Protein chains: 2
Amino acid sequence: MTDINAGQEPEQTMTRIQREKREAILEAGLTVFSQEGFRGATLDRIAAEAGLSKPNLLYYYPSKEAIHEELLTGLLHTWLDPLKAVNPNGEPVDELLAYVHRKLALARDFPRESRLFANEILQGAPRILPALEGELRELVEDRAAVIQRWIDEGRIAPVDPVHLIFSVWALTQHYADFDVQVHAVLGAGDPFPRAEAHLETLFRRLLTP
Amino acid sequence: MTDINAGQEPEQTMTRIQREKREAILEAGLTVFSQEGFRGATLDRIAAEAGLSKPNLLYYYPSKEAIHEELLTGLLHTWLDPLKAVNPNGEPVDELLAYVHRKLALARDFPRESRLFANEILQGAPRILPALEGELRELVEDRAAVIQRWIDEGRIAPVDPVHLIFSVWALTQHYADFDVQVHAVLGAGDPFPRAEAHLETLFRRLLTP
DNA sequence: CGTTTGTTTGACCGATTGGTCAAATCGAGG
DNA sequence: CCTCGATTTGACCAATCGGTCAAACAAACG
């Protein structure tokens, strides 16, 4: 019996089969957790989705909690990167529009990740509240200061910087988290091209001085 | 043994105690379902929250499903009313801003209802998809036509009418569904006054011709 | 080929789940 | 005070939950 690394990422020491199975489990966990939330998800469903027996799944991850935790920690960085990438020395309107586009692309390409995050927040963020009050808050305060500077310099129209960031989050994640509703209203087509054009219009009118 | 109405609302025939207990159960169910989702919620927790024993709860509602269903059906109307109330004969910008304010007030005053709805959509809307594809879709199409008319008459700036409605939903519900995140970033104060001012600015710049 | 190490599974466990039921308790009317 | 229906509860049930374990199986290697 090999006590497979219950902690972090010495992926080097893992065999091919270990990497593949753990990846399959994370993939399945992402699907199930993002639909049902942590409490609603069951190991049986995750195991079935991953094509493994339940004891076999528990051979690779020590608990349901461990799968969920690894998914969440991986997520936060992906989630904050687009905001981090806003360049304080760039052209303000372009930088902010590019941020919106990156965030919308994330919603389009990683809807399950978006819903996993939404589920965690809806449940009161019991597992990532510290990260929200730490990393996230600091990053937002930092970028809000940059935006405020742009406003003071008259390079974008005055707007509450933090609520501007909230608006970007709300508008982009809506297309991932509420996609069932979006499709119920719009029909079968891909809503993203129009969404992109709409958000471009919205933020351009909001920000252009 | 009285077989308490398992169907709809002859509230007239109910005694005071029946009305009170059923109300307490719905209240508790709203709290629990909105936090944990349908699968994650347990009858034990709902019963505890309502101050009842589990068998006593099941004396008033025949199943977990029944509580959830009654909450959801009651919800949809509350949710659509603000959009219904948009007056096709009013002043366009005022009407739409009033809609935004009504929807934000809903998020402020009924956050649990908002989260219950969000949970249902996140899970794929298994219980209200028909209503979304029916009532909701028709209402949105109807109001989108009104907005399009306003655009054609040059009374508001051109904008995709359906995505405009999505934007109102996304921006207002964000403050209810993600309030933990909002508070993590902003600190303890009440975010709604600033949110209201921000959304007023946003939609005024977007819509003013 | 045998051994050792890594992988998979069937059987099982205690706890919790949604739900039942008969018996106990309450409360209003006679 | 008695009665009868309304309400409440303790005990219980089958199913499912997260998780364990020993045994079976597979793979690598000398």
Side-chain angles (χ1 to χ4, degrees), chain A residues 1-6 10-26 28-33 35-72 123 126-127, chain B residues 1-6 10-26 28-33 35-72 123 126-127:
Chain A
M1 228 162 289
T2 350
D3 202 11
I4 287 195
N5 128 40
E11 308 228 347
Q12 218 57 19
T13 73
M14 278 195 251
T15 96
R16 178 185 52 87
I17 195 167
Q18 282 174 353
R19 251 180 289 115
E20 282 177 4
K21 292 290 166 74
R22 286 176 70 102
E23 180 53 38
I25 291 169
L26 287 180
L30 180 55
T31 297
V32 178
F33 282 130
Q35 260 180 43
E36 311 274 10
F38 181 77
R39 290 222 46 192
T42 72
L43 286 181
D44 289 281
R45 235 199 98 185
I46 297 175
E49 204 95 15
L52 275 71
S53 67
K54 185 167 60 170
N56 198 10
L57 181 151
L58 286 162
Y59 171 72
Y60 290 102
Y61 282 91
S63 68
K64 178 180 170 181
E65 182 76 44
I67 305 172
H68 191 255
E69 188 183 320
E70 185 157 330
L71 282 171
L72 270 190
Q123 283 160 29
R127 300 155 215 277
Chain B
M1 224 162 291
T2 351
D3 200 10
I4 287 195
N5 128 38
E11 308 228 346
Q12 217 58 17
T13 72
M14 279 195 250
T15 94
R16 178 184 53 84
I17 194 165
Q18 282 175 352
R19 250 181 290 114
E20 282 177 5
K21 292 291 166 73
R22 285 176 68 102
E23 180 53 38
I25 291 169
L26 286 181
L30 180 56
T31 296
V32 178
F33 282 131
Q35 260 180 44
E36 311 274 11
F38 182 77
R39 290 222 47 193
T42 72
L43 286 181
D44 289 281
R45 236 198 96 185
I46 296 174
E49 204 96 14
L52 276 70
S53 66
K54 186 167 60 171
N56 198 10
L57 181 152
L58 286 162
Y59 171 73
Y60 291 103
Y61 281 92
S63 68
K64 180 180 170 181
E65 181 77 45
I67 304 171
H68 191 255
E69 188 183 321
E70 185 156 330
L71 282 170
L72 269 190
Q123 283 159 29
R127 298 154 217 277

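Every chain is numbered from 1, with letters handed out A, B, ... down the list of sequences. When reading the values below, keep in mind they use all heavy atoms of this one structure, side chains included, and skip hydrogens, waters and symmetry mates. The shown structure was predicted, so the numbers you read here are calculated from the model rather than taken from an experiment.
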Review item, nucleotides 27-29 of chain C N/O atoms under 3.5 Å of protein N/O:
none

Near-strand residues of residues 44-53 of chain B, defined as heavy-atom separation under 4.0 angstrom from DNA chain D: B/S53
Those residues that, when tested against A/T31, pass side-chain hydrogen bond (donor to acceptor under 3.5 Å, both in side chains) (two or more places apart): A/R112
Euclidean distance, atom NZ of residue B/K64 to atom P of D/dT16 [Å, nearest integer]: 14 Å
side-chain N/O B/Q18 vs D/dA6 OP1/OP2, d < 4.0 Å: no
Whole-Å distance separating the CD atom of A/E20 from the P atom of C/dT8: 10 Å
Distance in Å, A/E36 CD paired with B/R39 CZ, rounded so as to fall on 0.5 Å steps: 5.5 Å
Euclidean distance, atom CD1 of residue A/I25 to atom C1' of C/dT8 [Å, nearest integer]: 12 Å
Distance test, side-chain N/O of A/K54 to OP1/OP2 of D/dC17, below 4.0 Å: no
For B/R127, all residues meeting side-chain hydrogen bond (donor to acceptor under 3.5 Å, both in side chains), sequence neighbours excluded: B/E65
Spacing of A/L57 atom CG relative to C/dT7 atom P, expressed in whole Å: 14 Å
Kindly list each side-chain donor-acceptor pair under 3.5 angstrom involving residues 46-55 of chain B, sequence neighbours excluded, with atom names and distances?
{"unit_1": "B/S53", "atom_1": "OG", "unit_2": "B/N56", "atom_2": "N", "d": "3.3"}

Separation of atom OH in A/Y60 from atom P in D/dG18, rounded to whole Å: 20 Å
Side-chain donor/acceptor of B/K21 to backbone N/O of B/Y59, under 3.5 Å: no
B/L58 CG - D/dC13 P separation (whole Å): 18 Å
Straight-line distance of B/L58 CG to B/I25 CD1, nearest 0.5 Å: 8.5 Å
Find every protein N or O atom lying less than 3.5 Å from an N or O atom of nucleotides 24-26 of chain D, and list the pairs.
none

Contact summary for B/I67 and B/L43, nearest pair of heavy atoms: CD1-CD2, 4.4 Å
Partners meeting salt bridge (Lys or Arg N to Asp or Glu O under 4.0 Å) with A/E23 (sequence neighbours left out): none
side-chain contact (heavy atoms from CB on, under 4.5 Å) assessment of A/Q35 paired with A/R45: CA-CA 12 Å; A/Q35 260 180 43; A/R45 235 199 98 185; 3.6 Å; yes
Separation of C/dT20 P from B/L43 CG (nearest whole Å): 11 Å
B/N56 vs D/dT9: side-chain N/O to OP1/OP2 distance below 4.0 Å: yes
Main-chain N/O of B/Y60 paired with B/R22 side-chain donor or acceptor, under 3.5 Å: yes
B/H68 and B/F33 aromatic ring geometry - parallel, tilted or perpendicular at 30°/60° bounds: perpendicular
Non-neighbouring partners of A/Y61 that pass ring pair (Phe, Tyr, Trp, His ring centres under 6.0 Å), sequence neighbours left out: none
Pairwise 5' ranking along DNA chain C for A/P55 and A/R39, keeping only the more 5' one: A/P55
Side-chain N or O of A/Y59 closer than 4.0 Å to phosphate OP1/OP2 of C/dT8: no
